[in-house]
**Student:** 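Dropping the structure in here first, questions after.
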Amino acid sequence: MINFLNILSLQERAVSTAAERYLLVYMIVVLLIVTTLVIVFFVVFQKRKNKLLIEKFKQQQAFEEELSRTQSEIQEQTLKHIAWELHDNIGQLLAYASMQLNMLSSLVGEDFKGKVNDTSNVIKDSLKGVRMLSKSLNNEVILNIGLEQSISNELSRLKRLKFASAELHIKGDQVEMPNKKHEIIIFRILQEFFSNSVKYSEANHLKVQLNYEPKLLIIEASDDGVGFDVASAEKGSGLINMKSRAELIGAQFNIDSKPDEGVNLRIEYPL
């Protein structure tokens with residue numbers, strides 16, 4: 001009787017142990033399934049989150065590019081109207097004044113003829129400067145004559161205006177740009193640089209170099225002026241405009257300067 005009870009107790013204990021094992025296995029399987037689901041959910045969530053962030057970044061980038069493009073187009077249209085006004089209105093007035101002075105020169109005595117001629121020459125120089133300026137502001141003219149000639153004309157105008165020398169150097173064989181409108185943007189970046197040199201640099205010499213490589217156009221511009229601290233000027237509108245224009249055409253932009261060491265601009269444009 002005792003042996004029978006012992007056997008029965010052992011059987012019950014074995015059944016209980018087996019049930020515990022099944023329960024343990026079941027809990028482990030459930031835990032693994034839950035853990036797997038959590039991991040899968042987390043991975044899917046992260047992918048979706050990353051996708052949304054990337055899409056948001058692309059949308060923001062597209063918006064900024066479109067904004068820059070729109071601002072650039074508005075600026076170009078404004079400059080175009082100014083160029084027409086200079087050429088068609090101011091230019092005609094100066095031409096008329098020059099013609100009137102030439103007529104007056106033949107009527108006045110010798111005492112005043114020299115002064116009249118001097119005034120006429122000043123007006124002729126002013127007319128020439130206005131015409132050169134109108135060409136540099138009109139994007140259609142820039143497209144027609146090309147980047148190199150536009151830079152050369154602008155440097156000639158600046159030399160007459162302020163600088164002891166303003167030179168353009170070209171290395172390598174000229175390569176056509178994939179997009180002709182990019183010539184205008186590059187020229188506007190250089191114009192911004194020239195404008196800053198005129199207003200702030202106190203420089204005597206200005207130099208631009210175009211280096212044509214097989215797959216890259218490297219544009220370098222420099223002056224020998226007072227320079228500035230780049231870190232403190234990074235938020236200036238002029239520098240921001242140049243950077244945004246360069247980014248718009250996929251070009252690398254860098255400007256380097258130190259006080260009393262002039263300013264150096266470098267643009268790397270992929271051909």
Side-chain angles (χ1 to χ4, degrees), residues 61 64-80 82-83 132-159 161 163 166-199 201 203 205-223 230 233-234 236-257 262-271:
Q61 191 176 38
E64 290 177 356
E65 288 178 358
E66 185 62 29
L67 182 62
S68 297
R69 190 177 291 108
T70 302
Q71 289 175 337
S72 179
E73 290 174 355
I74 292 171
Q75 289 173 355
E76 289 301 328
Q77 195 63 32
T78 302
L79 291 174
K80 191 175 183 179
I82 293 173
M132 291 179 69
L133 179 59
S134 69
K135 288 180 180 179
S136 72
L137 296 178
N138 194 330
N139 55 358
E140 292 179 359
V141 174
I142 297 168
L143 286 174
N144 287 334
I145 67 177
L147 178 63
E148 294 180 5
Q149 189 59 49
S150 296
I151 295 173
S152 181
N153 290 347
E154 187 72 355
L155 290 176
S156 296
R157 186 181 72 85
L158 293 172
K159 185 178 179 181
L161 181 67
F163 297 97
E167 303 173 349
L168 172 63
H169 301 281
I170 300 172
K171 290 185 177 181
D173 298 325
Q174 183 180 6
V175 179
E176 289 291 330
M177 290 189 176
N179 189 331
K180 289 288 290 182
K181 291 184 178 180
H182 289 182
E183 292 185 0
I184 298 173
I185 294 176
I186 290 174
F187 182 68
R188 295 300 181 218
I189 295 173
L190 289 174
Q191 271 192 320
E192 186 77 39
F193 178 84
F194 298 154
S195 176
N196 290 336
S197 292
V198 170
K199 289 188 288 187
S201 73
H205 304 282
L206 190 63
K207 183 171 71 173
V208 178
Q209 179 171 293
L210 303 181
N211 185 9
Y212 288 95
E213 296 185 354
K215 295 183 179 181
L216 198 66
L217 170 60
I218 301 174
I219 305 115
E220 294 179 305
S222 61
D223 66 40
V230 175
E234 283 186 346
S237 60
L239 196 57
I240 290 174
N241 286 339
M242 288 189 280
K243 281 184 177 180
S244 62
R245 285 178 182 271
E247 290 172 357
L248 198 60
I249 59 174
Q252 296 293 321
F253 173 89
N254 183 63
I255 193 162
D256 182 47
S257 180
V263 184
N264 295 284
L265 168 70
R266 181 182 175 94
I267 302 169
E268 295 183 3
Y269 174 76
L271 295 172

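Not measured: the values here are computed from a predicted model.
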**Student:** How long is the straight-line distance from NZ of Lys181 back to CG of Leu248, given to the nearest 0.5 Å?
**Tutor:** 11.5 Å

**Student:** To the nearest 0.5 Å, what is the distance between CG on Leu147 and CG on Leu210?
**Tutor:** 6.0 Å

**Student:** Would you give the length of the straight line joining atom NZ of Lys199 to atom CG of Asn196, rounded to the nearest 0.5 angstrom?
**Tutor:** 5.5 Å

**Student:** Closest heavy-atom contact between Lys159 and Ala166?
**Tutor:** CB-CB, 4.1 Å

**Student:** Measure the shortest side-chain to side-chain distance between Phe187 and Asn139 over non-hydrogen atoms and say whether it is less than 4.5 angstrom.
**Tutor:** no

**Student:** Mind checking the CD-CG spacing from Glu154 to Leu168? Nearest 0.5 Å is all I need.
**Tutor:** 12.0 Å

**Student:** Show your working on side-chain contact (heavy atoms from CB on, under 4.5 Å) between Val175 and Tyr212 and close with a plain yes or no.
**Tutor:** CA-CA 7 Å; Val175 179; Tyr212 288 95; 4.3 Å; yes

**Student:** Does a side-chain N-to-carboxylate-O contact under 4.0 Å join Glu220 and Arg266?
**Tutor:** yes

**Student:** Atom CD in Glu167, atom CG in Leu155: separation rounded to 0.5 Å?
**Tutor:** 9.0 Å

**Student:** Just verifying a value: how many Å separate Lys215 NZ and Glu213 CD, rounded to the nearest 0.5 Å?
**Tutor:** 12.0 Å

**Student:** Of the options Ile218, Leu217, Leu216, Ile170, which is the one that meets Asn211 in a side chain to side chain contact (heavy atoms under 4.5 Å, CB included)?
**Tutor:** Ile218

**Student:** Side chains of Arg188 and Ile142: does their closest heavy-atom pair fall under 4.5 Å?
**Tutor:** yes

**Student:** Is it the case that the ring center of Tyr269 lies less than 6.0 angstrom away from the ring center of His182?
**Tutor:** yes

**Student:** Under a 4.5 Å cut-off applied to non-hydrogen side-chain atoms, are Ile186 and Met177 in contact?
**Tutor:** yes

**Student:** What are the two closest heavy atoms between Gly250 and Pro270, and how far apart are they?
**Tutor:** O-CD, 3.5 Å

**Student:** Show your reasoning for whether side-chain contact (heavy atoms from CB on, under 4.5 Å) applies to Ile184 and Leu143.
**Tutor:** CA-CA 7 Å; Ile184 298 173; Leu143 286 174; 3.6 Å; yes

**Student:** Checking Asn153 against Gln149 for the side chain to side chain donor-acceptor pair (under 3.5 Å) test, could you report, in this order, the C-alpha distance in whole Å, the side-chain angles of both residues, the deciding distance, and whether it holds?
**Tutor:** CA-CA 6 Å; Asn153 290 347; Gln149 189 59 49; 2.8 Å; yes

**Student:** Quick check against the 3.5 Å criterion: does Ser195 have a side-chain atom that pairs as donor or acceptor with the backbone of Gln191?
**Tutor:** no

**Student:** Would you find a donor on one side and an acceptor on the other, under 3.5 Å apart, between the side chain of Ser197 and the backbone of Phe193?
**Tutor:** yes

**Student:** Between Phe253 and Arg245, is there a side-chain heavy-atom distance shorter than 4.5 Å?
**Tutor:** no

**Student:** Is there a side-chain contact between Phe194 and Asp223, using heavy atoms and a 4.5 Å cut-off?
**Tutor:** no

**Student:** Less than 4.5 Å apart, any side-chain heavy atom of Ile189 and any of Glu192?
**Tutor:** no

**Student:** Give a yes or no on whether the backbone of Val263 and the side-chain of Ser222 come within a donor-acceptor separation of less than 3.5 Å.
**Tutor:** no

**Student:** Let me see the working for Asn254 and Leu265 under side-chain contact (heavy atoms from CB on, under 4.5 Å), right down to the final yes or no.
**Tutor:** CA-CA 6 Å; Asn254 183 63; Leu265 168 70; over 6 Å; no

